[in-house]
Each structure stands twice: as C-alpha cells, then as structure tokens.
Amino acid sequence: MISVSAPGKCYIIGEHAVVYGHPAIIAAVGKRCYVTADKYDNVKINSREIGEREFSIEELKIFALELRNKWNECNEKKDFSPLFSLLKQDSFNNVKAVVGEAMNVMGINDGCSIEIKSDIPIGSGLGSSSALAVATAGALNELYDKKLTREEINNIAFRAEQYAHGTPSGGDNTTCCYGGLVWFQKAQPKNIIIPLNYDKLEGFVFAYTKKPEKTTGELVQLVRNYDENERNKRMNEIGNMTKEMKEVLKNKDYKKMKAIINRTNDILTSFGLSIEETDKIYNAIREIDGSAKMCGACYGGVMLTWHEQPEKLIETIDRLGFTPFQTDLGVEGLRNER
Ligand code: MEV
C-alpha cells in the first residue's frame, strides 16, 4: 500500500488573465488531498464526498479515451458545454477521468483500490480538482513503480484538468504538483515555471463564502464571451500588476500589495465574476483599510484577504457571518506520505 498527498493552491494574483497568456503568482496552500492506493482486482474508488464504487480497468481506460475525443471535438468548435454535461452526469466521472488517463499513459493493466481524503473545500478556488488529479497520478506512479518524472505526472493531471475545465491554463495543477510559490506563464513549447523563493508569506486570512453556482469551465467561458478588446485591456492590466507584484512580495511593500490586490478584485468584478457575498466581504475589508480578492475561477468560494493586523480580518469576516481561516502558503508539492 502507498500513500501520497498534494496541496491545494491559491492565486496571489493572475487568475483568468493566465488563460490569455499573462503570468500568475500562485501559492501551494496548507490544505491537502491524500490518496492511498493498493493492488486490487478491479478499480475500486472510495472518497468521503462521493462514496465507493468499482469499475473495470477497461471501462476507465475507454472512458478517458472518449473524453479525449470529446475534448478535441469541443476544442474545434470552441464550445466545451457537451464535455461539461458529460462529466456532470456522474459524481465519479472526475476521478474516473484521471484514473483512466493515468492508466492509459502509464500502460497499466492491473487493478487498484484508491482511497481519497481531502481537506480542500470542493469548488472553492483552492484547487481541489487539481490536487486530486496530481495526487491520484502520483499515487498510481508509486503503486506500479513507473518512475515517471514530476513533469510527466503534471502532464497527466493537466489532461484531467482539460476534461474537467476545457481550456485550463495549467497553473493550478503545476502549483499543486511542484508546490511552493510559483511564477507561472502559459507558453509554447513549454510553460514558464519559476519557483519564487521568498520569505514565507504572512498576514493572509481566507474567507469562505459558498460553493460557486458555476463551474471553473463555465466561468472561464463567461470571461471568453466578453468583448475581446475590453477583455484584453483589463487582462493586460492584471498582467502588468502581476509583474509588479513579483517585486512587491519580495520587498514586502505591503502598501503597494494591498492596492494591487484590491484593484485585481475590481477587475475580476467588472467581468461579472463576483457575487453578493464576495462584494460584502470586499467592501467591509476595504473599510478597515485591508485588501481582499476573489480566488481561482471566482463567483464565491474563498477570498484572500490581507491586513497588517490579521486579527482585524478575522473579526470582520466573523462579524459578517462567514468562516475565516488561516493556512500556510508556499507549502511542499506532491509528496509521499509513507
Ligand atoms: C482557476 O483556478 C484559475 C483560472 O485562471 C483558470 C485556469 O487558469 O485554468 C480561472
């Protein structure tokens, strides 16, 4: 039996803009997805969230191939809704996709049992699906002793992310796989991935609002449907602020950092990505001279907030009736647990 884990992630800046080729700064967060795997006849998947079910090896491998074909079709039409409705049909489909994909890539023809335990709230902007994809691919690599590189594991997780979200940037799975604080930019032939070895980020508090009513894929599509010129202008502004943020974080220029975080939230809001709850938190945190932004695909989930006195954030978030929590930023990526 083997056990591995991968952390969730949080965009310090750059979500959505990263889809259009701008850089992003992303931190691995101290909430993890744990996957335990063992040899078994069929493929047995067990998770606290979705329960337990068995599948044949063949069924999973064929399912992953079907998803690849569907993804190609959707990509040609630039409309991923048929893929999303296929995945939504069954709560096991996301896990089936990553297991099938990993089995195809690794050439696995033996069964396994997979147990998933995750601390990462689902669909909250904290990378629950990426962490699951990375940890599952990592677990199968260990179980079958395939000796895949971290890059190869990351590629499998990226494919699973494509099935779940259509055209993800790859920033989420990369951060969950490598860990730390990551400068990420989509590029050809290879993405730019630079570890930012800064002092530990301090003073951030998360606020959990509620599970977004739209998926990441749908929210990326919502931004894509926006007027192209206007979208490019605003995404360029986020891209420029990300470049500034690199220095700001290094130099701990908190005044500038707060201004950038708030402006980022304003731009994300201008695309229709905020909800009443996130607006409420944003306005209250600004009133106490702090900063707050939505995270990941936005539209609920968690907000990242910062203040010189973090206790003021906790007090404000609590007062509004939401759940504040603190967790380490820049933690270790995919790792063996035993
Ligand atoms: C989602 O966590 C981040 C987005 O930028 C999508 C992506 O990068 O794939 C919204």
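Atoms within each ligand, like the ligands themselves, are counted from 1 in listed order. Only a predicted model underlies this, so the values are computations on that prediction, with no experimental measurement involved. Values reported hereafter were calculated over all heavy atoms of this structure, with side chains retained and with hydrogens, waters and symmetry mates removed.
Within the structure, side chain to side chain donor-acceptor pair (under 3.5 Å) contacts touching residues 11-29 (residues at least two apart or in different chains) are Y11-D172, E15-K293, H22-N236. Screening residues 256-291 for ring pair (Phe, Tyr, Trp, His ring centres under 6.0 Å) gives Y226-F271 as the qualifying pairs, with residues at least two apart or on separate chains.
A single hydrophobic cluster is not seen to contain both F80 and Y299; linkage of ILVMFWY side chains at heavy-atom distances under 4.5 Å, directly or through other members, places them apart.
In this structure, the side chains of I25 and L249 come closer than 4.5 Å at one or more pairs of heavy atoms. By the 4.5 Å heavy-atom criterion applied to side chains, R159 and R68 are counted as neighbours.
Residues passing the salt bridge (Lys or Arg N to Asp or Glu O under 4.0 Å) test with R53 are D90, sequence neighbours excluded.
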Less than 3.5 Å apart, N/O on ligand 1 and N/O on the protein: could you list those pairs with the distances?
residue: ligand 1; atom: 2 (O); partner: K9; partner atom: NZ; Å: 2.9
residue: ligand 1; atom: 2 (O); partner: D172; partner atom: OD1; Å: 3.3
residue: ligand 1; atom: 2 (O); partner: D172; partner atom: OD2; Å: 2.7
residue: ligand 1; atom: 5 (O); partner: H16; partner atom: N; Å: 2.8
residue: ligand 1; atom: 8 (O); partner: Y11; partner atom: OH; Å: 3.3
residue: ligand 1; atom: 8 (O); partner: S169; partner atom: OG; Å: 2.6
residue: ligand 1; atom: 9 (O); partner: S169; partner atom: N; Å: 2.8

